[in-house]
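Accompanying notes for the structure given below.
Order of the sequence lines sets the chain letters (A, B, ...), proteins ahead of strands, with each chain counted from 1. Side chains included, hydrogens not; waters and symmetry mates left out as well; all remaining heavy atoms used.
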2 protein chains.
Amino acid sequence: MSDRRTEIVRAATRVIARRGVRGLRVGELAAEAGVSTSLIYYHFTDRAGILRETLEFIGERADRYTAEPARTGAADDPGGELERTLLLELQDTAEVRENSTAWGELRASAVFESSLREDLARATHTWVHEIAELLGRAHPAGTAPAHAASAERLTALLEGLSVRWLSGSLPLDHARTLLGEAIAAERASHRSSID
Amino acid sequence: MSDRRTEIVRAATRVIARRGVRGLRVGELAAEAGVSTSLIYYHFTDRAGILRETLEFIGERADRYTAEPARTGAADDPGGELERTLLLELQDTAEVRENSTAWGELRASAVFESSLREDLARATHTWVHEIAELLGRAHPAGTAPAHAASAERLTALLEGLSVRWLSGSLPLDHARTLLGEAIAAERASHRSSID
DNA sequence: GTCTATAGGACGATAGAC
DNA sequence: GTCTATCGTCCTATAGAC
C-alpha cells in the first residue's frame, strides 16, 4: 500500500471517530488528509471502497493494539497484564477515544453492511483469543473452553461499557470499576480450590 | 400525539431497524408509512426531528418492553423472571430483532449526537433499575449497590452480546449461553452463606 | 390533512489539464 | 499523481392545489 493510501486511510479513521461512518464526507476526508477530492478517487474506487479499507484498517489496528502489550508485557504476571490490557480501553485519551469510537462504528456499520462482517468477526476472534490466552496463563487450573467463554464475556462487556461511556450513559470511572469487578469475578471462577 | 404521527414514528422504527439511522430516507419512510413525503414534513419539522422523536420512542418502548414482564410476571420467582427477561432480548424473532437493532442504532447515534444522550441515559437507567430490582427480590441478602452494579454489568453485557450477534460475530445460541452463565454468576455473588 | 410537483442543495464522482 | 472545475443525481424540503 502506497504512503498516500495509508495517509488517507488514517485520515478517514480520524474523520470516522469524529463524525461517525454516516458522517464521513469525501470532501471532509480530503481536507483532513490535505489532498483534493479527486485524489481520493484516484486511490479508491468509491466511497464504499474507502469505507471498506478504513474499517479493515481499524480492525487490523485493533489486533495489533491489543496483541502488543500481551507480547511485550511482563510475562511473569499475566493476571495483572490481563487487567491492564482490558482497562487500557477505558481511558479518556485522544488515542483510546479514537480507537473505541471507530471500533464502535465498525461494529454498528456491520449490522447493515454484510461485507464488513467477515473482517469484523476475524478481528473480534483474534482479540478474544488474546484475552483467553492471558487468562490461561494466569489460571492454568481452568479449562480452555472456560477461558474462552470468560474472554468472550469480558470483551463483550467491555464493548458494551465502552459505547455506554461514549454515548454519555455511564461515567468513565464507573465503567472502569464495573469492568474491574467483572475481571476479578471471572478470574476467581478459574481458581481451583488448591490455588 | 395524533394517530398519524404515531404511525409514522412506528414506520420509522421499522425502517431504522432495516436500514439503520444512516440509511433512513424520508422517501422510504413515507412509502413504509403509506403516505406522501410532504405529509411527513407536515407532521415533523425536518429529518432530524423525525429521528429525534423516533429514537425517543424507541427508548420509551424499551422501557415498557422491559418493565412489563417484571410487573405481570410471576412475583414468586424473581430469579427466574430475571433470567427470562434478559434472555428475552436474545431471540431470533422479528420483534426482538427490530427492537435490538433499533436500540443499537439509538446507542450508536448518540455517540455523535449529543441531543439524543439525555433520553438514552434515562431509558438505560430505567432498564438497569428494573433489573436491579429483580435481583434485589431474588437475593435479599445482597446490598442495593451490589444489585445495581450487577444490573449494570448484565445489561451492558447484553448490549455487547446483542450487537455481536446482529453484526455476525457471534452465533445466537452462543450469546445466550454466555449471558446465562453471567446471570448465574452474578446471582451467586449475592447469595450469602446462609442462603 | 393530504396530495403532486418541483425547487434547491449537498455530495459523490468524473473530465481534463498539468 | 495531483489539481481545478464541474456534472449529475439523490434527497431534503417546500409550494400550492384540493
Side-chain angles (χ1 to χ4, degrees), chain A residues 1-58 102 105-106 108-116, chain B residues 1-58 102 105-106 108-116:
Chain A
M1 188 143 85
S2 77
D3 283 358
R4 260 295 193 252
R5 280 177 79 87
T6 308
E7 274 174 43
I8 293 170
V9 164
R10 285 179 181 278
T13 304
R14 292 194 298 276
V15 175
I16 287 174
R18 200 164 59 229
R19 305 259 186 245
V21 166
R22 78 201 76 198
L24 184 142
R25 299 285 166 259
V26 180
E28 185 178 356
L29 168 57
E32 175 76 27
V35 300
S36 68
T37 299
S38 64
L39 188 62
I40 306 281
Y41 287 97
Y42 174 79
H43 286 290
F44 302 86
T45 57
D46 57 8
R47 186 179 180 279
I50 301 165
L51 242 39
R52 223 197 70 260
E53 292 201 29
T54 304
L55 296 177
E56 186 178 349
F57 169 76
I58 291 167
E105 279 292 285
L106 169 56
S109 301
V111 174
F112 302 100
E113 268 189 77
S114 53
S115 64
L116 298 174
Chain B
M1 187 141 86
S2 78
D3 283 358
R4 259 295 195 257
R5 281 177 78 88
T6 307
E7 276 173 41
I8 293 170
V9 164
R10 286 180 181 279
T13 303
R14 292 194 298 276
V15 175
I16 287 174
R18 199 164 59 230
R19 307 259 187 243
V21 166
R22 76 199 76 197
L24 183 142
R25 299 285 165 260
V26 180
E28 185 177 356
L29 168 57
E32 175 76 28
V35 300
S36 69
T37 299
S38 64
L39 189 62
I40 306 282
Y41 287 97
Y42 174 80
H43 287 291
F44 301 85
T45 57
D46 57 8
R47 186 180 180 278
I50 302 165
L51 242 38
R52 223 196 71 260
E53 292 201 30
T54 304
L55 296 177
E56 185 179 349
F57 168 76
I58 291 167
E105 279 291 284
L106 168 55
S109 300
V111 174
F112 303 100
E113 267 189 78
S114 52
S115 64
L116 298 174

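Evaluation of the salt bridge (Lys or Arg N to Asp or Glu O under 4.0 Å) rule for B:Arg5 yields B:Glu53 as partners, not counting sequence neighbours. For B:Ala110, the side-chain contact (heavy atoms from CB on, under 4.5 Å) partners two or more places apart in sequence, or in a different chain, are A:Ser167, B:Leu116, B:Arg117, B:Leu120. B:Glu7 meets the salt bridge (Lys or Arg N to Asp or Glu O under 4.0 Å) test with B:Arg4; sequence neighbours excluded. Partners of A:Ser115 according to the side-chain contact (heavy atoms from CB on, under 4.5 Å) rule, which considers only residues two or more places apart in sequence or in another chain, are A:Glu113. A:Ser36 is linked by a side-chain contact (heavy atoms from CB on, under 4.5 Å) to A:Ser38, A:Leu39, counting only residues two or more places apart in sequence or in another chain. A:Phe112 is linked by a side-chain contact (heavy atoms from CB on, under 4.5 Å) to B:Thr101, B:Glu105, counting only residues two or more places apart in sequence or in another chain.
Taking a 4.0 Å limit (strictly below) on heavy-atom distances, residues 44-54 of chain B reaches DNA chain D at B:Asp46, B:Arg47. The stretch residues 22-33 of chain A has no heavy atom under 4.0 angstrom from DNA chain D at all.
Side chains of A:Ile16 and A:Leu51 form a contact here, defined as non-hydrogen atoms less than 4.5 Å apart.
Sorted by first and then second residue, the side-chain hydrogen bond (donor to acceptor under 3.5 Å, both in side chains) pairs involving residues 16-27 of chain B (not counting sequence neighbours) are A:Ser109-B:Arg22, B:Arg18-B:Glu28, B:Arg18-B:Glu32, B:Arg19-B:Glu28.
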Which pairs of donor and acceptor atoms, one on a side chain in residues 40-47 of chain B, lie under 3.5 Å apart (sequence neighbours left out)?
from    : atom 1 : to      : atom 2 : distance (Å)
B:Asp46 : OD1    : B:Ala48 : N      : 3.4
B:Asp46 : OD1    : B:Gly49 : N      : 2.8
B:Arg47 : NE     : B:Leu24 : O      : 3.4
B:Arg47 : NH2    : B:Val21 : O      : 3.1
B:Arg47 : NH2    : B:Leu24 : O      : 3.0

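Counting non-hydrogen atoms of neighbouring residues, nucleotides and ligands closer than 6.0 angstrom, the CZ atom of A:Arg10 reaches no more than 12 such neighbours.
Taking atom OH of A:Tyr41 as the reference point, atom P of C:dT14 lies 8 Å away to the nearest angstrom.
The span of DNA chain D lying next to chain B, judged by atoms under 4.0 Å from heavy atoms, is bounded 5' to 3' by D:dC11 to D:dA15.
The base of C:dT4 is not paired with the side chain of B:Ser36 by any donor and acceptor separated by under 3.5 Å.
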